[in-house]
Amino acid sequence: MSDKVHAQLCAALLRMAAPAHIIRSHERPWASVTFSGARHWITLHVPSDRAGVLVAELPEADFSLPGQLVADLAITATQDLEADTQLDIEALTVVYADMGTSFSLAQPDFAAQRQG
């Protein structure tokens, strides 16, 4: 299952970083006591004039991956090449089903909580 998630994450990164290309990528299953998912390592080459924007935006970007949440994404290294910049990216995806009903992406309704 995580192979599909990895491919979806790579495709989403390519869309966000376009024009870009992936040099290498791999993933491995990941689990904690309560959650499961995968760790991803992706190396992108992006045009140097786009690198600064991507370094700032990617860690906070919202990704739409069916059934998954990108729980963490970090750019762990950058390397300036001639016309491109290499970005080394590490990400953690978590399966929504593991989060149960206690997890919500919606803002909490504090007024309702005070009344109850």
CD (Gln86) and OG1 (Thr78) are apart, to the nearest 0.5 Å, by 9.0 Å
Applied to residues 50-60, the side-chain hydrogen bond (donor to acceptor under 3.5 Å, both in side chains) test, sequence neighbours excluded, yields none
Test side-chain contact (heavy atoms from CB on, under 4.5 Å), reference Thr93, set Leu69, Leu65, Leu73, Asp72, output is Leu65
Residue set satisfying ring-ring contact (aromatic ring centres under 6.0 Å, His included) with Trp30, at least two apart, ordered chain then number -> none
Sorted by chain and number, sequence neighbours left out, side chain to side chain donor-acceptor pair (under 3.5 Å) with Ser48 holds for Thr85
Here the ring pair (Phe, Tyr, Trp, His ring centres under 6.0 Å) pairs for residues 43-78, sequence neighbours left out, are His21-His45
Heavy-atom closest pair (Ala20 atom, Leu14 atom, distance to 0.1 Å) is O-CD2, 3.6 Å
Taking every heavy atom of Ala91 against every heavy atom of Leu9, the minimum-distance pair comes out as CB-CD2, 3.9 Å
task = For the residue pair Asp88 and Thr76, confirm or rule out a side-chain donor-acceptor distance under 3.5 Å.
result = no
Single-linkage hydrophobic cluster, 4.5 Å side-chain cutoff, Val53 and Ile75 together: no
Sorted by chain and number, sequence neighbours left out, side chain to side chain contact (heavy atoms under 4.5 Å, CB included) with Ala11 holds for Arg15
For this session: For His6 and Ser25, test the side chains for any donor-to-acceptor distance below 3.5 angstrom and give the result as yes or no.
Result: yes
Residues pairing under ring pair (Phe, Tyr, Trp, His ring centres under 6.0 Å) where one sits in residues 71-90, two or more places apart or in two chains, turn out to be none
Shortest non-hydrogen pair, Asp84 vs Pro47, comes out as OD1-CA, 3.7 Å
